[in-house]
Structure formats: C-alpha cells, structure tokens
**Student:** 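If you scroll down you'll find the structure; I have some questions about it.
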2 protein chains.
Amino acid sequence: MRELYHPPRSKLSLPAILHALSDPTRLDIVRQLAQTPDLSMGGCDTTVAKSTMSHHFKTLREAGVTRTRIDGVQRFISLRKDDLDARFPGFLDALLRVAGDK
Amino acid sequence: MRELYHPPRSKLSLPAILHALSDPTRLDIVRQLAQTPDLSMGGCDTTVAKSTMSHHFKTLREAGVTRTRIDGVQRFISLRKDDLDARFPGFLDALLRVAGDK
DNA sequence: TTTGTAGTTCTAATATCGTAAAACATTAAA
DNA sequence: TTTAATGTTTTACGATATTAGAACTACAAA
C-alpha cells in the first residue's frame with residue numbers, strides 16, 4: 001500500500017458523510033481529531049481492536065471526512081476541514097459544537 | 001394503532017439522528033418537511049413503495065427527527081425543530097443549509 | 001353496511017455493517 | 001539480517017438495514 005484513496009472535494013456526498021459520522025466510535029474519532037489534529041491511529045483513544053479501527057478510519061477517509069498521510073510506519077489522520085467547509089459550509093463546525101455531549 | 005412513540009427530548013442521540021439522516025430518501029423527506037411543514041405521507045414526493053415510506057417515517061420518528069400527528073385517516077409529519085434546536089443548537093439549520101445541493 | 005382511503009405490519013429477500021482474529025505488508029531499529 | 005512496530009487485508013459471523021408485496025387496521029364517506 002503506497003497510496004490511499006481520497007475522494008475529490010467535488011464528489012463529497014452528504015448522505016455518505018452523515019453515514020460515516022453516525023457510528024459512535026467514528027464520531028468519537030472525529031471529535032478527537034477536532035481537538036488534536038494529525039492524530040495517528042495508535043494515538044487514538046479506543047476500546048476496539050486495531051483491525052476495527054483500521055476499518056473505521058477507512059470509512060471516514062472514503063467518505064471524505066478525513067485525510068490520511070503516510071509517514072514511515074505510521075499514518076497521520078486529520079479532518080478535511082477545508083474541503084468540508086467548501087462543500088458544506090458551516091456543517092462541520094455545527095456538528096462539532098453539538099457533538100461534545102453525546 | 002392509537003399512539004405513536006416519540007422519544008423524549010432528553011433521549012435524542014446524535015448518532016441515531018445522523019443515521020436517520022444518512023439515507024438519501026429520508027434526507028429528502030427532511031428537506032421537504034423544512035419547506036412544507038405538516039406534510040402527510042401521501043403528500044410526499046417519492047419513488048418508493050408506500051410500505052417503504054412508512055418504514056422511513058418510522059425511522060425518522062424513532063430517531064426523534066420528526067413528530068407524527070394522527071388526524072383521522074392521515075398522519076401529518078413535521079420536524080421536531082424545537083427539540084432538535086434545544087438539544088443540538090444550530091445543527092438542524094446548518095444541515096438544512098447544506099442539504100440543498102445533494 | 002359497503003366501499004374507499006391512508007397507512008401499518010408481516011414476511012421475506014438481499015445487502016450492508018460492525019466486529020475481531022489471523023495472516024500479511026511495510027518500514028524502522030537493533 | 002533479525003526483530004519490532006504500525007497498520008492493512010482477508011475472512012468470518014451475527015446483527016441490522018433497505019426494499020417491497022400482501023394482508024391487515026382504522027377511519028371516513030356513500
């Protein structure tokens with residue numbers, strides 16, 4: 001694996017993004033990413049197995065919510081705030097504001 | 001069927017709401033409800049079977065997104081904007097603003 | 001009472017999801 | 001070249017989702 005697929009900004013779909021965010025574990029990841037950008041998978045606070053985490057990160061990435069940058073043996077994940085803001089202005093901020101109290 | 005279950009405001013869950021909104025047909029319903037409050041099921045613009053519509057309306061209602069009022073033989077559906085705004089301030093408005101262009 | 005209308009529930013088929021163990025790939029360190 | 005670290009892919013399993021036909025319920029109108 002040398003390159004990871006990221007959907008282009010123009011292909012971001014709201015239902016797909018909402019679906020990616022509808023899982024409690026993934027919503028939690030997004031919450032953490034908002035506070036700690038450039039998080040690695042291992043740096044994430046979780047209870048699930050690492051293969052499960054890998055799957056969740058893939059789901060977020062393929063929905064266009066996150067960007068994954070490969071650096072050596074690690075992957076650093078960040079929110080695609082620029083693209084999300086361009087395509088769905090105000091949505092991410094509104095979500096993060098209410099996502100604090102699950 | 002005399003009474004329909006509506007979760008109380010305090011039990012509204014963000015993941016459950018995001019899941020309810022992640023289906024294209026249901027997101028479309030919500031978009032229509034925002035423009036035309038108090039819509040009946042039959043008054044909805046859809047392509048799916050009526051049993052499917054009934055299921056989608058149930059999903060939205062049980063997630064706390066909509067309120068269903070029985071009036072004779074019809075059900076009138078509206079957004080629970082008051083409760084959603086109280087529990088997740090700004091979220092519904094932000095969603096509706098970006099949900100125009102799917 | 002009969003007929004029609006509006007929507008629900010049952011049932012079933014197909015699909016997708018969340019989870020994780022096991023095996024694998026890639027890179028870095030010893 | 002081993003060994004360790006980090007994450008992916010494969011595979012599998014049970015749970016849940018989407019869809020719709022068919023039967024059914026509730027109410028209203030004729």
Side-chain angles (χ1 to χ4, degrees), chain A residues 1-7 13-30 32-33 36 38-78 102, chain B residues 1-7 13-30 32-33 36 38-78 102:
Chain A
M1 163 140 322
R2 208 140 300 250
E3 284 299 324
L4 293 171
Y5 173 72
H6 292 85
S13 126
L14 192 55
I17 289 170
L18 292 170
H19 172 256
L21 297 169
S22 73
D23 179 84
T25 302
R26 288 194 296 262
L27 186 56
D28 215 64
I29 292 170
V30 168
Q32 291 185 49
L33 285 172
T36 313
D38 238 33
L39 211 55
S40 73
M41 210 195 85
C44 240
D45 190 26
T46 83
T47 19
V48 298
K50 72 176 178 174
S51 60
T52 303
M53 279 308 273
S54 184
H55 160 259
H56 283 314
F57 277 115
K58 184 180 183 183
T59 301
L60 287 169
R61 176 172 50 77
E62 292 185 338
V65 175
T66 59
R67 183 175 284 115
T68 301
R69 174 174 57 80
I70 300 181
D71 183 30
V73 87
Q74 294 187 93
R75 277 106 176 107
F76 288 100
I77 294 116
S78 54
K102 8 181 179 175
Chain B
M1 160 140 324
R2 207 143 299 252
E3 284 299 321
L4 294 171
Y5 173 72
H6 291 86
S13 127
L14 192 55
I17 289 171
L18 292 170
H19 171 256
L21 297 169
S22 73
D23 179 84
T25 302
R26 287 194 296 260
L27 187 56
D28 215 64
I29 291 171
V30 169
Q32 292 184 50
L33 285 173
T36 313
D38 239 34
L39 211 56
S40 73
M41 210 194 85
C44 243
D45 190 26
T46 84
T47 19
V48 299
K50 73 175 177 174
S51 59
T52 303
M53 279 307 274
S54 184
H55 159 260
H56 283 314
F57 276 114
K58 184 182 183 182
T59 300
L60 287 169
R61 175 173 49 78
E62 292 185 338
V65 176
T66 59
R67 184 176 282 115
T68 302
R69 175 174 56 80
I70 302 181
D71 182 31
V73 90
Q74 293 186 92
R75 275 107 178 108
F76 289 100
I77 294 117
S78 54
K102 9 177 182 184

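Worth knowing before you read on, the calculation uses all heavy atoms, side chains too, and leaves out hydrogens, waters and symmetry mates. A, B, ... follow the sequence lines: proteins, then strands. Residue 1 opens every chain.
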**Student:** Do A:Thr46 and A:Thr25 come within less than 4.5 Å of each other through their side chains, counting heavy atoms only?
**Tutor:**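 They are not in side-chain contact.
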
**Student:** Please check this pair: side chain of A:Arg26 against backbone of A:Ala20, looking for a donor-acceptor N/O pair closer than 3.5 Å.
**Tutor:**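 Confirmed, A:Arg26 side chain pairs with A:Ala20 backbone.
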
**Student:** Using a 3.5 Å limit on both pairing distances, list the dot-bracket string of DNA chain C from the 5' end; Watson-Crick and G-U wobble pairs count, crossing pairs take [ ], interstrand pairs take |.
**Tutor:** ||||||||||||||||||||||||||||||

**Student:** What I'd like to find out is whether the side chain of A:Phe57 reaches to under 4.5 Å of the side chain of A:Ile77, using heavy atoms alone.
**Tutor:**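 When only atoms from C-beta onward are counted, A:Ile77 and A:Phe57 do touch, with a gap below 4.5 Å.
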
**Student:** Write down the distance between CD1 (B:Ile77) and P (C:dG7), rounded to a whole number of angstrom.
**Tutor:**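 Value for this atom pair: 7 Å.
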
**Student:** Round to the nearest Å and state the distance from B:Asp71 atom CG to D:dC27 atom P.
**Tutor:**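 These atoms are roughly 12 Å apart.
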
**Student:** Do B:His6 and B:Thr66 have side chains that approach each other closer than 4.5 Å (heavy atoms only, starting at C-beta)?
**Tutor:**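 Side chain of B:His6 against side chain of B:Thr66, heavy atoms only: no contact under 4.5 Å found.
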
**Student:** Without decimals, in angstroms, what is the distance between A:Leu39 CG and D:dT6 P?
**Tutor:**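 Rounded to whole Å, this separation is 14 Å.
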
**Student:** Any donor and acceptor pair, going by atom type alone, linking the side chain of A:Ser13 with main-chain N or O of A:Ala16 inside 3.5 Å?
**Tutor:**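 Looks like yes, one N/O pair under 3.5 Å.
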
**Student:** Is B:Pro7 close to B:Tyr5 at the side-chain level, that is, under 4.5 Å between some pair of heavy atoms?
**Tutor:**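 In short, these two side chains touch, coming nearer than 4.5 Å.
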
**Student:** Starting at CG of B:Leu4 and ending at P of C:dT8, how long is that distance when rounded to a whole Å?
**Tutor:**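 About 7 Å, once rounded to whole Å.
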
**Student:** Report the distance from atom CD1 of A:Ile70 to atom C1' of C:dT26, rounded to the nearest whole Å.
**Tutor:**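 After rounding, the gap between these two atoms is 10 Å.
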
**Student:** Does a side-chain heavy-atom distance below 4.5 Å link A:His19 with B:Leu18?
**Tutor:**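 They are not in side-chain contact.
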
**Student:** Please give, in whole Å, the distance from C:dT16 P to B:His19 NE2?
**Tutor:**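 Spelled out: NE2 on B:His19 to P on C:dT16 is 14 Å.
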
**Student:** Going by heavy atoms in the side chains, are B:Met41 and B:Arg75 under 4.5 Å from each other?
**Tutor:**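 SC-SC contact between B:Met41 and B:Arg75 ruled out.
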
**Student:** Could you check how far CZ of A:Phe57 sits from P of C:dA20, rounded to whole Å?
**Tutor:**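 Computing the A:Phe57:CZ to C:dA20:P distance gives 15 Å.
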
**Student:** Give the residues of residues 58-65 of chain B touching DNA chain C, defined as any heavy atom closer than 4.0 Å, sorted by residue number.
**Tutor:**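 DNA chain C contact set from residues 58-65 of chain B: none.
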
**Student:** Using nucleotides 19-23 of chain D, report all nitrogen or oxygen pairs with the protein that are shorter than 3.5 Å.
**Tutor:**
residue: D:dT19; atom: OP2; partner: B:His56; partner atom: NE2; Å: 2.6
residue: D:dA20; atom: OP2; partner: B:Ala49; partner atom: N; Å: 3.1
residue: D:dA20; atom: OP2; partner: B:Thr52; partner atom: OG1; Å: 3.0
residue: D:dA20; atom: N7; partner: B:Ser51; partner atom: OG; Å: 3.2
residue: D:dG21; atom: N7; partner: B:Ser51; partner atom: OG; Å: 3.4
residue: D:dG21; atom: O6; partner: B:Ser51; partner atom: OG; Å: 3.3

**Student:** Within the 4.5 Å heavy-atom criterion, are A:Cys44 and A:Met53 side-chain neighbours or not?
**Tutor:**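 Side chain of A:Cys44 against side chain of A:Met53, heavy atoms only: contact under 4.5 Å found.
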
**Student:** Check whether any side-chain heavy atom of A:Ile29 sits under 4.5 Å from a side-chain heavy atom of A:Leu33, and report yes or no.
**Tutor:**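 Contact flag for A:Ile29/A:Leu33 side chains = yes.
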
**Student:** I need the CZ-C1' distance between B:Arg75 and C:dG7, as an integer number of Å.
**Tutor:**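 Whole-Å distance recorded here is 5 Å.
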
